[in-house]
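Right, one structure below, let's go through it.
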Number of protein chains: 2
Amino acid sequence: MKINPVEIILAKRNGAKIGKEALSAFIRGYLDGAIPDYQMSALLMAIYFQGMDKDEIQALTLCYIDSGQRIVFTGDLPTADKHSTGGVGDKISLMLAPIAAACGLYVPMISGRGLGHTGGTLDKLESIPGFQTRYDTAGFQQMVERQGLAMVGQSATLVPADKMIYALRDVTATVESSGLITASIMSKKIAEGARSLVIDLKVGSGAFMPDLAHADVLAESLIDTGAGFGQKVSVVFSNMNSPLGQYVGNALEVIEAIEYLKGNPLPDTEEITNALVTQMLLNAGLATDPTQAQTKIDQVMQSGKALQKFEEMVIGQGGDPRVIENYALFDGARYEVPVKAERDGFVGHIDARQIGYALIRIHAGRMKVSDVLDYGSGAHLMTKIGNRVKAGETIGTVFANDESKAIEVSQLIRAAYHISPEPVSDQPLILKIRTSQ
Amino acid sequence: MKINPVEIILAKRNGAKIGKEALSAFIRGYLDGAIPDYQMSALLMAIYFQGMDKDEIQALTLCYIDSGQRIVFTGDLPTADKHSTGGVGDKISLMLAPIAAACGLYVPMISGRGLGHTGGTLDKLESIPGFQTRYDTAGFQQMVERQGLAMVGQSATLVPADKMIYALRDVTATVESSGLITASIMSKKIAEGARSLVIDLKVGSGAFMPDLAHADVLAESLIDTGAGFGQKVSVVFSNMNSPLGQYVGNALEVIEAIEYLKGNPLPDTEEITNALVTQMLLNAGLATDPTQAQTKIDQVMQSGKALQKFEEMVIGQGGDPRVIENYALFDGARYEVPVKAERDGFVGHIDARQIGYALIRIHAGRMKVSDVLDYGSGAHLMTKIGNRVKAGETIGTVFANDESKAIEVSQLIRAAYHISPEPVSDQPLILKIRTSQ
């Protein structure tokens, strides 16, 4: 189909629906260089304002998938994956995938890197000496079929259209569109061969989705699009009003995940992980109800099978499995600077975004894609919402290899804790769950 | 000022106002290549949706002006210009400028070329053998000061920011924004040194502005912006429901304008031209009321002084003045093909846009900037709205150098005439006039 790009931009700008063929021609034109960045960015901004309907989102998702390879697992493997809209201290993938694989699921997880205030699973895993995340499609598929799970980066042959367009959205203020977000998430999760998908949709001031109403629109779009491709999708709406777990930082979070898999409790992270794995087991038919799913989870945790799956993955991807017993093999930090409470009172709101940005100064996160990370740096944040604190009490610790920067970060984290004179009751972690019919 | 372009796009996308310094830094960044096309086009689309307030339009206009040279005429010359939002058969500039100059005004007219269905004054003038339209700022200023009028193309040194951004808007469906239109028109008209400006704002189905409500928003924005730069602006809202005059085509329209200046009547064009020149004379203080202005216009028409100004301009810009007496010196057309009425009835609506596009096939207009024109081709359209016609009656003539194309165009023009069985009353040509206080 021969198209006039200006007419398509104009039609979307004026609120019209873009047909399947026209959309596909536009995306192909962009990929082969016939349509320049400036026309794509104008279309993206028009989509931001006018939205896309169910058919258009479906068509765009298909365009993304068709731009590259698509993995088809042999047999009827119960493949399932999880996607998170991104948080601070969110190491759930590191626990969820081994638990799910130990329960009999196959988890083909394509993960991302940290940018801005949010961390990335690939960066965390690469803090394990030797751990590899670059695999081609065939290598990735083999690992998943052999060991039940693998966590790799997006290869150039998987949904390249999304890769290019996401990079453009990032620099043109067109990220926050539920249609574009849906196509970006779902294309990757369908192309990677996951038969079902659970989404950890963070809601709250520190998250991508400011409120439940916006989150509901996105959830419906994700579920509908999955249905169009025969993929079962569940969305767990989780409250994002403080960092998850107690540690933020790459090696620190891997250690925390290992500790959890060894049986050490981690209340908030556990609640969300269990809810997500439960949905995965239900969608794959490996459990008939949430109680049965929870029993399976408890079994693989108690038997050590979940930890064993984690070890298999580390070995399978070239990492040093001795880290599981010897945390000294991770990069460390020379300096520890305490974070002290500003005043007496109760921890109200914790600004997770502000903490994420502060930690970039000690290279626990990155501002631009090219920034180099310090895997050993980060923070221990043991104080949670609702906790009573006294002025000057240690509420956290910053770990870094630059002492003056560590002091700066400690002060910025202190400012991210809002301490109220009145008792504060904690909010529920899981707000609701929506799932395909 | 150092800016983050993404933050500025994001702010506008979210409906915020962009500050003067930020806007100016964005435009400068774009001009020097630091900000790429794709960020500019995203900003333009965000502006399309969120609009700009008075201050932002004023600031953008100033950015455009400051990107190049600004002409300052010597002394207190009563400089005045006209701008038209574009029409089919619109040869008003060719008559208005000589009349205005004959009345004592100085008209520094920077004109454009035809594109799509609308024609351009520069193309029409270049159908006169030898006529030059490329002058630098100093040469243009000298001609205006010497002969009272000049019509040239936009030089590279005059508002280059508008030139670049207009080219980008054209290919990203971001033309139709009243704020962007205002900055584009007003920056040129202020930089060229016109102390007052009259705008022929075409309203109607065939025009840029579909209805009076949209036209009113643009008119107010033009008047306000002019006021901010000390320029008096009048807006004449004219009905654009049929081609203006009887001829469409480059040489054909110049001949029609010369005929008019020689005293041959041309009712619709005359009414609009007189209304526009009247506003120019009132704004410059060369007339105290419309009656006095009309008397002046009648005098210069009857005395031949207007025609003489036209001749002075042709000579001044290197054209052959003998064309005024000998139309055979213009390019001609080998073939004449009649346009016949489809049925008995009354001419209702005439689709001027459709006629403009049809004439591109015989090179009377162009589809892309690089298309070459045939000055001699065009059409004579003697039948006006309200006229009674009989089936098969000749309602027009196509002039072309390719007979089969001429037949095609004749059929397309026939289809542009909507003939109603009921009598049709013509609509008023001038809908209203708004002017600065």
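Each chain gets a letter, A, B and so on, in the order the sequences are listed, and its residues count up from 1.
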Region of A/Ile8 that comes under 4.5 Å of a non-hydrogen atom in chain B: neither
Region of A/Asn14 that comes under 4.5 Å of a non-hydrogen atom in chain B: side chain
Sole residue of B/Ser177, B/Ser221, B/Ser187 in side chain to side chain donor-acceptor pair (under 3.5 Å) with B/Thr182: B/Ser221
Proximal component of B/Leu44, with respect to chain A [non-hydrogen, under 4.5 Å]: neither
Parallel, tilted or perpendicular: rings of B/His117 and B/Tyr357 (30°, 60°): tilted
Within 6.0 Å of NZ in B/Lys163, more than 12 heavy atoms from elsewhere: yes
Heavy-atom pairs under 4.5 Å with chain B, option from A/Met45, A/Glu7, A/Gln39 with the top count: A/Met45
Validation row: B/Arg169, B/Leu180 side chains within 4.5 angstrom (heavy atoms): yes
